Enquirer: 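The structure is given below, and queries will be raised subsequently.
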Amino acid sequence: CRSGQAQNGRCIDTCCTSANCTNGTACHEGTLLGKSGLICQPGSTTGSGGCCAGICGGAGNCGEGVCEKLNISLCMAPCCGSATCGGDNWGDYICRAYGASNGVFTSCVATGGRRGSGATGSDCSQDSDCVGYSCASATTLHTHKYCTDNCCTDNDCANGTRCRPVSGSNAYILHCIYP
């Protein structure tokens, strides 16, 4: 499998949008090796609602199949990095993982402030130095802190980082990391 992941005799992959999927699959809420997330699965998207496009009654009303109850239930469209998120009078938006009723997903969320200009892979000392508002700790393979962000494909990453599934406590999130 291209993704290195197989389940029930089929190659599977995590995704952000149905454009990340191939071979008649679409991006929907699902389970990968026991953890929730957006997974390429057989079938097509079932609805047309994008992020915050309207009230939804269930996953079938939304283009990517994520209907999340906040104060009201809204279609939440996943994002592929903070550069795709805008801002408003209350601050910049960043692509951030959030806990949903069926797992952990990414969506543009408000920071309440301004983000930095550090691209993924750039040196940083704190989260606010980075476009993705996330400064990763140094590792044994990468000896300094660096800016990171959520992603959908390697094209969303920069400076030698790659888009890889990172395992959280109950979900996989695609994140730009150094290999």
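These figures come from a predicted structure and were not determined experimentally. Throughout, numbering of the chain's residues begins at 1 and tracks the sequence.
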Enquirer: Do you know which two heavy atoms are closest between Asn159 and Ala119, and how far apart they sit?
Expert: ND2-CB, 4.3 Å
Enquirer: I need the Asp156 CG to Cys80 SG distance, nearest 0.5 Å.
Expert: 5.0 Å
Enquirer: Can the SG atoms of Cys124 and Cys135 be said to lie under 2.5 Å from each other?
Expert: yes
Enquirer: I'd like to know if Asp154 and Arg164 make a salt bridge, using a cut-off of under 4.0 Å between side-chain N and carboxylate O.
Expert: yes
Enquirer: Show, in sequence, the C-alpha distance, side-chain angles and deciding distance for Ile177 and Tyr146, and conclude whether the side-chain contact (heavy atoms from CB on, under 4.5 Å) test is met.
Expert: CA-CA 9 Å; Ile177 59 172; Tyr146 64 97; 4.0 Å; yes
Enquirer: With rounding to the nearest 0.5 Å, note down the distance linking OH in Tyr133 to OG1 in Thr148.
Expert: 15.5 Å
Enquirer: To the closest 0.5 Å, what do you measure between NE2 (His175) and SG (Cys95)?
Expert: 9.5 Å
Enquirer: Please tell me whether Cys151 and Cys163 are bridged, where bridged means their SG atoms are separated by under 2.5 Å.
Expert: yes
Enquirer: Show your reasoning for whether side-chain hydrogen bond (donor to acceptor under 3.5 Å, both in side chains) applies to Thr120 and Asp149.
Expert: CA-CA 6 Å; Thr120 302; Asp149 202 355; 4.9 Å; no
Enquirer: Taking the side chain as every heavy atom from C-beta outward, state whether Lys145 and Asp123 have any atom pair closer than 4.5 Å.
Expert: no
Enquirer: Is Ser122 reaching over with its side chain to a backbone N or O of Cys147, donor-acceptor style, under 3.5 angstrom?
Expert: no
Enquirer: Give the intermediate values and the outcome of side-chain contact (heavy atoms from CB on, under 4.5 Å) for residues Ser82 and Arg115.
Expert: CA-CA 10 Å; Ser82 296; Arg115 60 182 175 213; 3.9 Å; yes
